[in-house]
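FYI, the numbering just counts along the sequence from 1. Counting starts at 1 for both ligands and their atoms, following the listed order.
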Amino acid sequence: MAIADAALRVRFFDLLAAAADPAVELRAGLAAQLATIPPKFFYDALGARLFEAICELPEYTLPRDERVIFDRYTDEFARQIGAGCTLIDLGAGDCAKAERLFEALQPAQYVAVDIAGGFLRTQLASVARRHPRLDIVGVAADFSRGLVLPPEVSERRRIVFYPGSSIGNFSPEEARVFLTDIHAQCAGGHLLLGADLVKDPEEIVAAYDDALGVTAAFNLNVLNVVNRIAGTDFASADWRHVALFNAAESRIEMHLEARRALQVRWPGGGRSFAAGERIHTENSYKTTPARLSDLLRAAGFADFNLYTDPAERFALALAQ
Ligand code: AVI
């Protein structure tokens, strides 16, 4: 469904209504023996703002590590990609990372995709004001189970931009399936992918359990989102944020832990949680250059280069 924004020339498509019922998905995850809430539900308007705040935290160095690589290699990326591309920004958020590439890439079309549709719409209005001649398409969609793009998205010289290590929020097998689909959708174009690299576990845990408690607020806010979508009666004060590094899986895990024995109800159901019982809310896999290369190959990208910061904390892959 296109909502014309004639004044700003942003064509906006809300594909969320056509997706599977999120209330059903959430209640099934909560009813499971090991309760889960998928991380895509973090990003309501407040969650998106809290994630922006996380990116400013001293402990969460990932955006700065990634920025070092962009500062050094953006011109080289632009040379390889060529001008006039269709820049498809997955999980666009505030669109800032993609916008920093506009000058070098000179895209013919900018396509921003995000599950936080209202937030994205607001951000795109600002992007359109700053880039009045750019063809802009906004898509509110949950692409975690496959990317569907409206026909208005050009197939010409596509570059799928997936920075920030969101690929790490998929399991390795889910990431392979997801990138295989992206490979097909690139239609011979490029993928520019970010991935956080393994480092000292204490440092990783601090990045997901910061001293100010911003990540705790981000994690707890998901309960408010779930209450709205699934009709549950969570009280965030009954839960505590837990972040731990699972070395065997090379991932940080975020959980919400019940502070006391309690009941959670929703229309047509409910469950009890014992004191200390957890809801698993997010995995964030930390990779190595070798594992990232294997993943790209397995997804069908035969031709790629990896770029890291000097301390090898983060990697960007430009793949074709
Ligand atoms: C969006 N994603 C890459 C972030 C991450 O690091 O996994 C989400 C996040 N969760 C807690 N802090 C940041």
K.L.:
Could you tell me whether the side chains of Glu257 and His241 share a donor-acceptor contact shorter than 3.5 Å?
P.N.:
no
K.L.:
For Asp71, what residues pass the side-chain contact (heavy atoms from CB on, under 4.5 Å) criterion, not counting sequence neighbours?
P.N.:
Arg67
K.L.:
Please enumerate all residues that pass side-chain contact (heavy atoms from CB on, under 4.5 Å) together with Asp44, with sequence neighbours excluded.
P.N.:
Leu46, Asn221, Val225, Arg228
K.L.:
Which pairs, with at least one residue in residues 203-226 and sequence neighbours excluded, count as a ring pair (Phe, Tyr, Trp, His ring centres under 6.0 Å)?
P.N.:
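As it turns out, the ring pair (Phe, Tyr, Trp, His ring centres under 6.0 Å) pairs with a partner in residues 203-226, which skip direct neighbours, are Phe42-Phe218, Tyr43-Phe218, Tyr60-Tyr208.
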K.L.:
Short N or O contacts of ligand 1 with protein, under 3.5 Å, listed by atom name?
P.N.:
unit_1	atom_1	unit_2	atom_2	d
ligand 1	2 (N)	Asn169	OD1	3.0
ligand 1	6 (O)	Tyr60	OH	2.5
ligand 1	6 (O)	Tyr208	OH	2.5
ligand 1	7 (O)	Asn169	ND2	2.9
ligand 1	7 (O)	Ser284	OG	2.7
ligand 1	10 (N)	Glu282	OE1	2.7

K.L.:
How about Arg291 and Ser250: does a side-chain donor come under 3.5 Å of a side-chain acceptor?
P.N.:
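Yes - a donor-acceptor pair under 3.5 Å links their side chains.
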K.L.:
When you check the side-chain N and O atoms of His255 and Glu253, is any donor under 3.5 Å from an acceptor?
P.N.:
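Side-chain D/A pair, His255 to Glu253: present.
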